[in-house]
K.L.:
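Here you go, one structure.
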Amino acid sequence: MSSNPVAETVASLMPRAKAELTELVAFKSVADFDQFPKSQSEGAAKWVAEALRDEGFQDVALLDTPDGTQSVYGFLPGPAGAKTVLLYAHYDVQPPLDETAWVTPPFELTERDGRWYGRGSADCKGGVVMHLLALRALKANGGVPVNVKVIAEGSEEQGTGGLERYAEQHPELLTADAIVIGDAGNFRVGQPTVTSTLRGMTLVRVKVDTLAGNLHSGQFGGAAPDALGALIRVLDSLRAEDGSTTVDGLTGDARWEGLRYEEEQFRKDAKVLDGVELIGSGAVADRIWARPAVTVLGIDCPPVVGATPSVQAGARALVSLRVPPGVDAAEAAKLLQAHLEAHTPWGARVSTEQIGQGQAFRADTTSPAYAAMAEAMSVAYPGQEMQYAGQGGSIPLCNTLASLYPQAEILLIGLSEPEAQIHAVNESVSPEELERLSVAEALFLRNYAAV
């Protein structure tokens, strides 16, 4: 890092940042209260609220959102007449999945090979710490030159929309001139990146029924319609031979204009096994940032262990469809449901239910905020220019904020670069990225105040 005073301050604060991230990661704040105690999420929310109070934030509040979770809000006043910037992160995390597959316990921040491992270390408890570091660095070097609002969401990973609904009911709360969403990531470690587009998504549950009850496969198999077999046929219809998504009425030939993603690098990032082909056609960036993508998330059927020789009477699956900017997620959901129903074989009874949705997002990269961020990142990452990338994931709140505050400039940065393996086992964060992005955010706030 350079001799920039802000950078020097952030560097000196890194031991404290590690200690704080250790405390925050220790909360098992998965917003699925059938699996994890609600008290763990509440504990994490209180931790964030206390951290904001310690930094001089006013009006700090635990907001009870409509989905039964809490978001944390605080306001730090700047100079009279200053612009207002909203900083976003979320403290809830994905479940740890198979804890035995973690090299070290998922809720204990552990340093290994120069990275800090733990669930939420990058996505997105590290984002909370990033915001704190940036503000502390500014306070130590002349003060924070803008009004700052912080909102830390408690259910982003569940997609239940609690903060979205709350913001719609209280539109004055999060008004800002610029919004920094700290829940994205660099294209790779050391390459400063803003995310300019997000795919939207819809979740659809499909259920197929064929019989009044399971039947002996020896006595009835061959003529009795198998619900699991029918479901497999339906799901297979969602892909072309090359693996491209094929939903009737949904186009999939758009191209990504911007940063390229080399196929060999993608194979390495995705840890594709030797000899296994990538799916789809076109450039990798086209496939993951500009086109729809269907994924079967789960199937309810008998497990292999304990299965009996039976023709299944019913089966169901959960299907995710990612939709690119320019495609309405609600319309895509209708097309997906119609496709599933139309492609169910043998006259089987089929029902579909949409259970989640988020719209795609496209940022205005020509705004003054992007120029301010580009300048900040060039200092935080000497010799590097800020790049623009898409992200295949969804942050539904972005569109809610864009709709509520159409004049606000929205930027997406964060710690979730490919090596972080967010949502997977052994999630980790690069402390160097945490340091550099904290510097970039601090300098952005200073630059933006002068625009």
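Quick caveat, the model's predicted, so the values are computed rather than measured.
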K.L.:
Between the side chains of His343 and Asp236, is a donor N or O closer than 3.5 angstrom to an acceptor N or O?
P.N.:
no
K.L.:
Quick one: are Val150 and Leu52 in side-chain contact, heavy atoms under 4.5 Å?
P.N.:
yes
K.L.:
Do Leu434 and Leu415 have side-chain heavy atoms sitting under 4.5 Å apart?
P.N.:
yes
K.L.:
Classify the side-chain pair Gln354/Thr202 by whether it contains a donor and acceptor separated by less than 3.5 Å.
P.N.:
yes
K.L.:
Between Glu432 and Arg436, does any side-chain N to carboxylate O distance fall below 4.0 Å?
P.N.:
no
K.L.:
Tell me, yes or no, whether the heavy-atom count around Arg255 atom CZ, taken from other residues, nucleotides or ligands under 6.0 Å, exceeds 12.
P.N.:
no
K.L.:
For the ring pair His216 and Phe220, is the centre-to-centre distance below 6.0 Å?
P.N.:
no
K.L.:
Give a yes-or-no answer on whether the side chains of Thr69 and Lys38 include a donor-acceptor pair shorter than 3.5 Å.
P.N.:
no
K.L.:
Below 4.5 Å, heavy atoms only, C-beta onward: do Ile181 and Ile395 meet side chain to side chain?
P.N.:
yes
K.L.:
Would you check if Phe57 and Val148 make a side-chain contact, meaning some heavy-atom pair closer than 4.5 Å?
P.N.:
yes
K.L.:
How about Cys398 and Leu412: do any of their side-chain heavy atoms sit closer than 4.5 Å?
P.N.:
yes
K.L.:
Does atom CD (Glu277) have a neighbourhood of more than 12 heavy atoms from anything else shown, all under 6.0 Å?
P.N.:
no
K.L.:
Does any donor atom in the side chain of Asp67 or Ser155 lie under 3.5 Å from an acceptor atom in the other side chain?
P.N.:
yes
K.L.:
For Glu262, is the CD atom crowded, meaning more than 12 foreign heavy atoms sit under 6.0 Å from it?
P.N.:
no
K.L.:
With no hydrogens and no angle check, just 3.5 Å: does a side-chain donor-acceptor pair link Glu341 and Thr352?
P.N.:
yes
K.L.:
Would you tell me whether Arg362 and Ser196 have side-chain atoms, one donor and one acceptor, within less than 3.5 Å of each other?
P.N.:
no
K.L.:
So, Glu419 and Lys271, do they make that salt bridge, N to O below 4.0 Å?
P.N.:
no
K.L.:
Is it true that atom CZ of Arg349 has more than 12 heavy atoms of other residues, nucleotides or ligands lying nearer than 6.0 Å?
P.N.:
no
K.L.:
Counting N and O atoms only, with roles assigned by atom type, does the side chain of Arg119 sit under 3.5 Å from a partner on the main chain of Glu108, one being a donor and the other an acceptor?
P.N.:
no
K.L.:
State whether the number of non-hydrogen atoms from other residues, nucleotides or ligands found under 6.0 Å of Lys28 atom NZ is greater than 12.
P.N.:
no
K.L.:
What do you reckon, is CZ of Arg233 surrounded by more than 12 foreign heavy atoms closer than 6.0 Å?
P.N.:
no
K.L.:
Would a 4.5 Å heavy-atom cut-off, applied to side chains only, mark Thr193 and Tyr388 as touching?
P.N.:
no
K.L.:
Answer whether the closest heavy-atom distance between the side chains of Asn186 and Tyr381 falls below 4.5 Å.
P.N.:
yes
K.L.:
Write down the atom of Gly182, the atom of Cys124, and the distance for their closest heavy-atom approach.
P.N.:
O-SG, 3.1 Å
K.L.:
Hey, is Arg267 close enough to Asp269 for a salt bridge, meaning N to O under 4.0 Å?
P.N.:
no
K.L.:
Taking the ring of Tyr261 and the ring of Phe187, is the distance between their centroids below 6.0 Å?
P.N.:
yes
K.L.:
How many angstroms lie between OG in Ser71 and CD1 in Ile151, if you round to the nearest 0.5 Å?
P.N.:
5.0 Å
K.L.:
Are more than 12 heavy atoms, taken from residues, nucleotides or ligands other than Glu385, located less than 6.0 Å from that residue's CD atom?
P.N.:
no
K.L.:
For a quick check under 3.5 Å, do Asp328 and Gln359 share a side-chain donor-acceptor pair by atom type?
P.N.:
yes
K.L.:
Indicate yes or no: at least one non-hydrogen side-chain atom of Leu321 is less than 4.5 angstrom from one of Met201.
P.N.:
no
K.L.:
Can you tell me if Glu156 and His90 form a side-chain donor-acceptor pair at under 3.5 Å?
P.N.:
yes
